[in-house]
Amino acid sequence: MVYYMKTTQPIIIFANGRPAYPFFVGGDGVSIHNILSGLAQQGFQCYCLGCYDFTKRELQTNLIPEYLHHGILKNYFESNKSINYDIGYHCHLVSYKDFANELIHLLENLSQESSSLIVITQLEMSNTVIQIANYMNLKLVLFVVDNTEPNNKTISLLEDNNCMIFNSIFVAQYFSKNLPKKM
């Protein structure tokens, strides 16, 4: 008889409604890429779930051959439902309409591997990610990158066992003044 033991090392899952790096290279995308890359280099299993049909910016598929040539993307695979690749951690891009179901499926599968999942989210689809992580009783980190109005609603969804990290002292100070009950 073979026994399968779960690892106790946390698995990190970043999920939001934007394409993953290198297809989205704004400050928030680069910041989370640097965080995931650093954690992966330290030996953590890291995954990224995003959307290829982000409404504000078209996916730059014309850059894929260049990314592959320079080794930025590895193990690239595209189907009619998803785009998968590795950039030091695994990225899985799906359509907006499939995002919630794919996140649930990913979290259920990874919970078979580890007794500790940490979900990180920011910006687009973060409300959905928070609701799913809280329903599944998972550790959740909201990465707050700016002080825009949508973050107020998102922060209101956080539960006591969730936490926030901020990309700057300015953003942290803004929310500590305007939403002290969650800080």
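Side-chain atoms are counted along with the backbone in the values below, which use heavy atoms only and exclude waters and symmetry mates. Just so you know, residue 1 is the first one in the sequence shown, and it goes up from there.
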- request: Using a 4.5 Å cut-off on heavy atoms from C-beta on, say whether the side chain of Ile11 contacts that of Phe44.
  value: no
Close side-chain approach of Ser95 and Asp98, heavy atoms under 4.5 Å: yes
message: In the structure I gave you, are the side-chain heavy atoms of Gln45 and Tyr89 within less than 4.5 Å of one another anywhere?
response: no
- line: Minimal heavy-atom distance between Cys46 and Ala40, with the atoms involved, is SG-N, 3.8 Å
- prompt: Please walk me through it: do Tyr76 and Leu68 pass side-chain contact (heavy atoms from CB on, under 4.5 Å)?
  reply: CA-CA 8 Å; Tyr76 182 87; Leu68 289 167; 3.7 Å; yes
With sequence neighbours excluded, residues passing side-chain contact (heavy atoms from CB on, under 4.5 Å) with Asp86: Lys74, Asn75, His90
- prompt: Out of curiosity, does Phe166 fall in the hydrophobic cluster containing Phe170 (side-chain heavy atoms, cut-off under 4.5 Å, transitive links)?
  reply: yes
field: Closest non-hydrogen atom pair, Asp146 against Leu123
entry: OD2-CD2, 4.4 Å
task: Classify the angle between the aromatic ring planes of Tyr21 and His33 as parallel (below 30°), tilted (30 to 60°) or perpendicular (above 60°).
output: parallel
Per-pair distances, 0.1 Å, donor-acceptor, side chain in residues 134-141, under 3.5 Å, sequence neighbours excluded:
residue : atom : partner : partner atom : Å
Asn134  : OD1  : Asn162  : ND2          : 3.0
Asn134  : ND2  : Ile130  : O            : 3.4
Asn134  : ND2  : Asn162  : OD1          : 3.4
Lys139  : NZ   : Ser116  : OG           : 3.4

- line: Nearest heavy-atom approach of Val145 to Val171 is O-CG2, 3.9 Å
- prompt: Shortest non-hydrogen contact from Val129 to Ala15?
  reply: CG2-O, 3.6 Å
- line: Here the gap from Leu36 atom CG to Gln41 atom CD, rounded to the nearest 0.5 Å, amounts to 11.0 Å
query: Can you find a side-chain donor-acceptor pair between Ser31 and Asn167 that sits under 3.5 Å?
result: no
field: Worked check of side-chain contact (heavy atoms from CB on, under 4.5 Å) between Leu106 and Glu102
entry: CA-CA 6 Å; Leu106 177 64; Glu102 287 289 327; over 6 Å; no
query: Atom CZ in Phe14, atom CD1 in Ile32: separation rounded to 0.5 Å?
result: 4.5 Å
query: Can you find a heavy atom in the side chain of Leu93 that is under 4.5 Å from one in the side chain of Tyr85?
result: yes
task: Mind checking the CZ-CD spacing from Arg18 to Gln122? Nearest 0.5 Å is all I need.
output: 7.0 Å
task: Please tell me if the side chains of Leu142 and Ile155 come closer than 4.5 Å, counting only heavy atoms from C-beta onward.
output: yes
message: List the residues meeting side-chain contact (heavy atoms from CB on, under 4.5 Å) with Ser82, not counting sequence neighbours, and say none if there are none.
response: Ser79, Asn84, His92, Val94
- request: Give a yes or no on whether the backbone of Leu117 and the side-chain of Ser114 come within a donor-acceptor separation of less than 3.5 Å.
  value: no
message: How long is the straight-line distance from CD1 of Ile12 back to CG of Leu39, given to the nearest 0.5 Å?
response: 5.5 Å
message: Working note: Phe175 + Met164, criterion side-chain contact (heavy atoms from CB on, under 4.5 Å); need CA distance, chi angles, decisive distance, verdict.
response: CA-CA 11 Å; Phe175 283 107; Met164 291 181 284; 5.9 Å; no
statement: Distance col, row Phe143:CZ vs Thr121:OG1, nearest 0.5 angstrom, shows 11.5 Å
- request: Could you tell me whether the side chain of Ser37 and the main chain of Asn34 form a donor-acceptor pair under 3.5 Å?
  value: no
message: With a 6.0 Å cut-off (strictly less than), is the heavy-atom count around NE2 of His69, excluding the residue itself, greater than 12?
response: no
message: Tell me the closest heavy-atom pair linking Cys51 and Gly17, and the distance in Å.
response: CB-O, 3.4 Å
task: State the CD1-CD1 distance between Ile13 and Ile118, to the nearest 0.5 angstrom.
output: 8.5 Å
- request: Please name the pair of heavy atoms, one in Tyr52 and one in Asn80, separated by the smallest distance, quoted to 0.1 Å.
  value: OH-O, 4.1 Å
query: Is there side-chain contact between Cys91 and Ile87, with at least one heavy-atom pair below 4.5 Å?
result: yes
- prompt: Do Lys97 and Asp53 sit within salt-bridge range, that is, some charged N less than 4.0 Å from a carboxylate O?
  reply: no
- request: Using a 4.5 Å cut-off on heavy atoms from C-beta on, say whether the side chain of Asn101 contacts that of His105.
  value: no
field: Test item: Phe23 and Tyr67 side chains (from C-beta on) under 4.5 Å apart, heavy atoms
entry: yes
